[in-house]
Structures are given as C-alpha cells and as structure tokens.
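Order of the sequence lines sets the chain letters (A, B, ...), proteins ahead of strands, with each chain counted from 1.
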Protein chains: 2
Amino acid sequence: MGSNDTKSGESQVARTIRPYRVTSFDVAAEAGVSQSTVSRALAGDPVVSEATRLRVAEAARRLNYHVDENAARLRTGKTGTLAVVLICRPGENRKDVNPFYFSLLGSICAAASNRGHETLVSFQDTTENLSGMYQEQRKADGVIVIGTTENREAWAYFQEIAGSGANIVCWGAPWDDLPWVRSDNAEGTRLAVRHLIDKGYRQIACIASETSPQRQFKERYEAYVTCMEDAGLQPHLVPIEKGLPRDEQGRRAMAALAQSGQAFDAVFAVCDEIALGVLEEMHARAIRVPQDVGLIGFDGLRAGAHVTPSLSSVEPDFQAAGSILVEKLLAMIGGKPDETRRAPVRLIERGSTQR
Amino acid sequence: MGSNDTKSGESQVARTIRPYRVTSFDVAAEAGVSQSTVSRALAGDPVVSEATRLRVAEAARRLNYHVDENAARLRTGKTGTLAVVLICRPGENRKDVNPFYFSLLGSICAAASNRGHETLVSFQDTTENLSGMYQEQRKADGVIVIGTTENREAWAYFQEIAGSGANIVCWGAPWDDLPWVRSDNAEGTRLAVRHLIDKGYRQIACIASETSPQRQFKERYEAYVTCMEDAGLQPHLVPIEKGLPRDEQGRRAMAALAQSGQAFDAVFAVCDEIALGVLEEMHARAIRVPQDVGLIGFDGLRAGAHVTPSLSSVEPDFQAAGSILVEKLLAMIGGKPDETRRAPVRLIERGSTQR
DNA sequence: AGAGGTACTACAAACGATTGCAGGAGAATC
DNA sequence: GATTCTCCTGCAATCGTTTGTAGTACCTCT
C-alpha cells in the first residue's frame, strides 16, 4: 500500500536513500483521488465537495499524514513564522536578563500562536550570526525585537534591515526609524504619582535617565514632571549612571539622593529593577519603607511581590502588549498599517506605598 | 541583469506573480558559473576551487543573495531547528511562569544557536494545537520540553509522540518513558544541608513533596533524608499541598510547620519559589531569619537576591543545563546516545543562612 | 604526440507541496 | 436525445535548493 510511484515513476536514478515519508500522493491513492485534490481538501478549499473532503481527511488520518511545511512554504513563499529577538547586554548571562522581557516574550509567543504563527526565538548579545538571518533566508515573515537598549550594535543591525524594507516592530524603540510599541507611560506615571500623592507623600523624587536612549524612561520622567507641576509640587530628578546593572543603578542613585541632603519622602523609580536596588539601599540606610519614605516602581515585576515591604508598581498589560506587537507586525506584513502602539497599564498597590 | 531565465525558460505559463527574489541562478549568471557550482561553493564543498569559491561569494554578496532555507530544507530533509516547548499550568498568565524556566529557555536558545540551530519556542497551557506540530510537519528536527509537571495532559502528548519514535528530551522528566536531564539534585541537596549544618542549624525541616510527579522534588527530598541520617540528625518532612501556586504552597507549609509544634531551627525548601513563600510566612509570624531560623532554597532564582534577608540557594548551572539538553537531543537525532543527564550545581550563600 | 590522470564544472532529477487551467460527469433544460 | 450548465477533479508547472553522474579542460609523463 501507499507506494508513491505516481510521482517517482520508473526513473529510479540513484536517489539519496532517506527514511520513507508519507506524502500527499499516498493519501491520494488511499482516498482514491488525485494529489491536488488532497491538497485542496486539506486546505479547506470550498471547491472540493464535502464528501470528498471527509474521505480525504479520513485517509490522511489513517496514514498519519501531515503537510510538510517546508514544501508548502517553498511553494507559497509564506513561512507562518515570526522571529522574536531578545537583545541582551553583551556577555550577559541569560539568567540576568530582565524578567520583564521574558514575560513579554511569553505573551508574544501566545499572541502569535493565537494568530496561527510560530515563533522563532533568539537571544542576541553579540552581532555575530545576525547577518541575513531573518527575512533574507525566508525563515520568518517578520521580526519583533525586544530587550535592553544598552546594546547599540545589535539594534543597529535591525535599523539597517528595517531601512531596507524588512517587516519589523520593536518594543520600547529607542530609535525613531523603527516602528515601536510601548507602555502607556503617561498614564502609568500619572497613576503612580497620583497614588503617592493620595497617600500623602509630597516630596517625590524620580530616579530616571533623561539622556538614555531608553525612550520609555524618558517618557516616564517627562510625565512625572508634568504630574508634579500639575499638583503644584516640585519635581526632583535623580539621574542614573550608565552601563551598570539596573539594581546597582538603583542602589547608587538612592545613595546619591540620601547624601545630597535633598529632602524627600517618596521615590518613583522608572523601572522595578531599579526600584529593587533602591529598596535594598534604603534598608542599608535604615530608611523605613513605607513609613518614612514611599517607593513605587514600574513594570510589575514578579520579584516585587516577594520583597519586604512588597513593591508597589505599575504593570503593563503583558497580554495586550504581546498581541499589539504581533498585530502590528502582521498588519505590516499584510501591507496595511496599524496605528495602535500603546499597551494599557494598571496600578499595583502593594506595601511600599501603604502608610 | 540577473534574470533567471536559465530556469524558467520559455514556459511562461501563467505563474503566480510574486515579488522578485534573487536565486542561486542569478548568482551563477553573475559569477559566470553554473547554479550547482554556486550551491557547492557556498556550502564550502572542497571540490570547488578556491578561486571559483571566492568569485561566487563575491557575486552573492553583490546581489545580496541568501540561501532560501525552505528550499534547502525541503531538499535535505533537515530543518536545522529545534522546538522548545514550555509547559504552563492551564490558564496561567505568562507572567506567572516560574522564572527558572525562562532562564533555562534562554540558555537552551543560546546552546542551540552555538550548534547552528534555530529554536522554535512555544508555550503550552492547553493541548490544543499540539497534534502533529513538530516532527510530523517537519518544522523541527526534535523537541525539548520544559516546564511545570502540574499539567498532566500536555505531557501526555509528548509521551505519546516519544513513544512513536520522535526525538524528544525533557527537563525534570516526571515520567520514565521520556529521556530526561535534571539538576544534580543529590549533590545540590548535600551542599544545602551541609551548609545549614556548618552554620550550626540542627533541626532542619524539609518542605517537599513525596508524591508529586516532580521527580526533582522527590530526589531532593530523598537526598535530604540521606544527608540528615548521615549526620545523625532527624529528618522532618513538611508536605506541600497540590495544585496551588508555589509561593502559596510555601506559605501554607510554613504555617503548618509553625502550628505543628514541631521544633525546628532551619528550613530547606525544595525550590526557591516555595522558599519565597516560606520567607513571607516567617515574616508574618515574626520569625527572625537567619537568627531564629535559617532558610535555604533551590534553583538560584534572581528574586532571591532582592528579598530581605536575601535567600541562600543552590543554583544549577543554567548554561550547562541548556547545552546538555541540546547536546542530548542532537545526539539522539544523530542516532548515537549521549548519557550525560545531570547539570552541575553550586551553592549560593546569602543572608538567610548567615548567623 | 598520445595516453592517463586530475580537478573542476554542468546537467538534470529529486524534495513535496500549491494552484491555474482544462476536462469530465451529471443534472437540467429544450 | 442533444445541448448547456454546474460542479468538481486531475494534469502539470512551479517554488529554489542539493547532489549523483557525466563531461570537459588542462597537465604530466613516456
């Protein structure tokens, strides 16, 4: 049964031996139809009759046949695959990657899967192996880029291929020539600052970076200034030092703030990793949280739930973020623009702001 | 320039229009050789002369040619891709996935990349879309499965395809019919328990599960019993409740231990997520750590570094774990067995055991 | 100069699907 | 019964590689 002689015929020219594989020709023979009908039936083409479709489906099931995606892709030119690249700091251990990106990665995979696409994931800390990896080799229909902005070189590659027409969307988007999706930073910051004010904090410092390419941080800082001014309060920036791990940046900024002599009764850190460092430094300096000083972060990291006191934060809707990225990319691939670019956020009230 | 008429010739039968794409025929024309020589040259076949090879490479670069992986895969039958499946609890938010698995995922991707393979990542909380996804459709050469053991159905699918000869390796491996890789739990537990003993703790309770399919937990518990007995100490099991989030399991087990009246001066939790819950419960009960009670976990979670006191733990070498998984799978695909199956571990001494 | 190597290169057949077009079997109409 | 439709199915080309085999050019040696 099921010899695919319809295809190979008599021409048994020394072919590479290979484990036998069930093809659509076998299914055709089994179902008593032609190979093209099998293809159409399985693709759900309405032109094949229901009866035939069922017969083919049954035969396929019986032979345990599955479409060879590679052949289908070769023919159609579509891969049904999205590449997801997570950019790390050079030499960074996988374990030290900001968990925020992992959560985002998870929801991107989920969203892609819901839309019937696979996800080809890679971690990039170096620019090796990047050249021509994605669309050029037809491995994916488009690319989603997420991860740290502190790896200029890796991003440069994506700016380049985006410039030459590749389908690419990224999270955070440090550079204007890349289509981006970000958290609703203005709203998130407003929630955080208003929450602090509601709790009675007034001298709220902000640990942030004005100069970093991290547009998200910049947006949050600017929104912070606006909120403070609207409330008739004085904004106070504590800048972070470049190139250090985020928690270390938090520790140092907190130390700088404490030593500056500047009065403060609350701290808004532009991301949770920084906030965790801040909290450690506060403990080291015997600053009582939330009694003496309130603290709130941004990103909704899981780790924030376990520290003492637990860390209040603003959490982007990961699920939404993932699907916005995927939808935007698919829209781009389809040739029609999609202007959604902000992921909704919500406030997580935890211990560090409850006085 | 570069019309691929060598191939399509005169037979311009109504073909689907499609964006033009540079093929090896174009490169052949550009370099003045045949298409097959282009293929061989680019593949580094030693049979083509160095001079020709360079000429071809140059032509390819000039035309910005890249091998179409789909065509290559169709022809060779190899995908150069490994599927990685992360099994979640049903309905679990991507954000709540144990970060341990994310770290592992990261190093698997890195290891695969080092061996020249792509990684097709998917998250599974349901068994939908699973049927025939992997080898049958030729999307990947093999599958690595990691994730929670508390999703019996998802694992069942992999047991089934493993049974029918699919190349598959998994982490933790709750069921014997799946080839597995695990942490060196015996050594890790020995490090943890000996560390507690060295610090002067004697009444060491173990929060674990004897019955869970999680073989890793079981191995750790058994090693704990051995270590305790070797040291002439009395082992004491505090069982976890099934089906709850890990941190909640930790909280409850700790509450149960405290209420049991059983004396204890240290706790060994079989994973960090549980340990974090234990720590919270200890705080809630005003148990001073590490003065009154010592605490150590397992897995080396990043979050453990930020809690107060910071959590001592045993960390598997993620990088090693990832490459062992990948090597084992590649060996399996290649048809030769690889017997390595234990990832090395190291002790992380942090605050929760420093008295 | 002719024979026998050596070292490349070209030809053409797969790989397994999708899909435009032509053709065939019935049913309906005259 | 012949003709026209309507549905469906089959033929065959095509996607862009890899690779077995055949062939050509150039050397070397006698």
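Side-chain contact check for B/Ser39 and B/Ser36: no donor-acceptor pair (N or O, by modelled atom type) lies under 3.5 Å. Using modelled atom types and a 3.5 Å distance limit, the side chains of A/Arg115 and A/Ser323 yield no donor-acceptor pair. Between A/Asn64 and A/His66, the side chains place a donor N or O and an acceptor N or O closer than 3.5 Å (distance only, hydrogens not considered). For the 3.5 Å distance criterion, the side chains of B/Arg40 and B/Gln35 fail to qualify, holding no donor opposite an acceptor. Between B/Gln319 and B/Ser107, the side chains place no donor N or O within less than 3.5 Å of an acceptor N or O (distance only, hydrogens not considered).
At whole-Å resolution of the value, CG in A/Asp45 and P in D/dT9 are 10 Å apart. D/dC7 atom C1' lies 15 Å from atom CD of A/Glu50, rounded to whole Å. One atom, CG of A/Leu74, and another, P of D/dT17, lie 9 Å apart when rounded to the nearest Å. Between B/Arg21 atom CZ and D/dT17 atom P there is a gap of 6 Å when expressed in whole angstrom units. In this structure, B/Phe25 places its CZ atom 10 Å from C1' of C/dC11, rounding to the nearest Å. Here the P atom of nucleotide C/dA17 and the CG atom of B/Asn70 are 14 Å apart, to the nearest Å. The separation between A/Lys139 atom NZ and D/dT17 atom P is 14 Å, rounded to whole Å. Straight-line distance from the CG atom of A/Asp26 to the C1' atom of C/dA17: 13 Å, rounded to whole Å.
Place B/Ala71 and A/Ala43 on DNA chain C by their nearest nucleotides, and B/Ala71 ends up nearer the 5' end. Comparing B/Tyr65 and A/Gly32 by the nucleotide of DNA chain D whose heavy atom lies nearest to each, the residue mapping closer to the 5' end is A/Gly32.
When distances are taken from the side chain of B/Gln35 to each of D/dC11, D/dT18, C/dT9, the shortest belongs to D/dT18. With C/dG16, D/dT18, D/dC11 as the candidates, the nucleotide lying closest to the side chain of A/Ser34 is D/dC11. In this structure, the nucleotide among C/dA13, C/dA17, C/dA10 sitting nearest to the side chain of B/Arg40 is C/dA10. Listed candidates were D/dT17, C/dG16, D/dG10. Nearest to the side chain of B/Val67 is D/dT17. Out of C/dT18, C/dA10, D/dC8, the shortest distance to the side chain of A/Val47 is found at D/dC8. In this structure, of D/dG16, D/dT14, C/dC8, it is D/dG16 that holds the atom nearest to the side chain of B/Thr23. The nucleotide whose nearest atom lies closest to any side-chain atom of A/Thr37 is, among D/dC8, C/dC8, D/dG10, D/dG10.
Using a 4.0 Å heavy-atom cutoff across all strands shown, A/Ser24 reaches sugar-phosphate atoms only and no base atom. At the heavy-atom level, B/Ser49 lies under 4.0 Å from the strands shown only through sugar-phosphate atoms. Within 4.0 Å of A/Ser36, counting heavy atoms only, lies at least one base atom of the nucleic acid. Residue contacts shown for A/Val48 are limited to sugar-phosphate atoms, with no base heavy atom under 4.0 Å away.
For the OP1/OP2 pair of C/dT18 and a distance below 4.0 Å, the side-chain nitrogens and oxygens of A/Ser39 include at least one atom meeting the criterion. Under 4.0 angstrom from either OP1 or OP2 of C/dT18 there lies no side-chain N or O belonging to A/Thr76.
In this structure, A/Arg89 and A/Asn151 approach most closely via the heavy-atom pair C-ND2, 4.4 Å.
Taking only distance into account, the side chain of B/Arg75 meets the base of D/dT18 through a donor-acceptor pair shorter than 3.5 Å.
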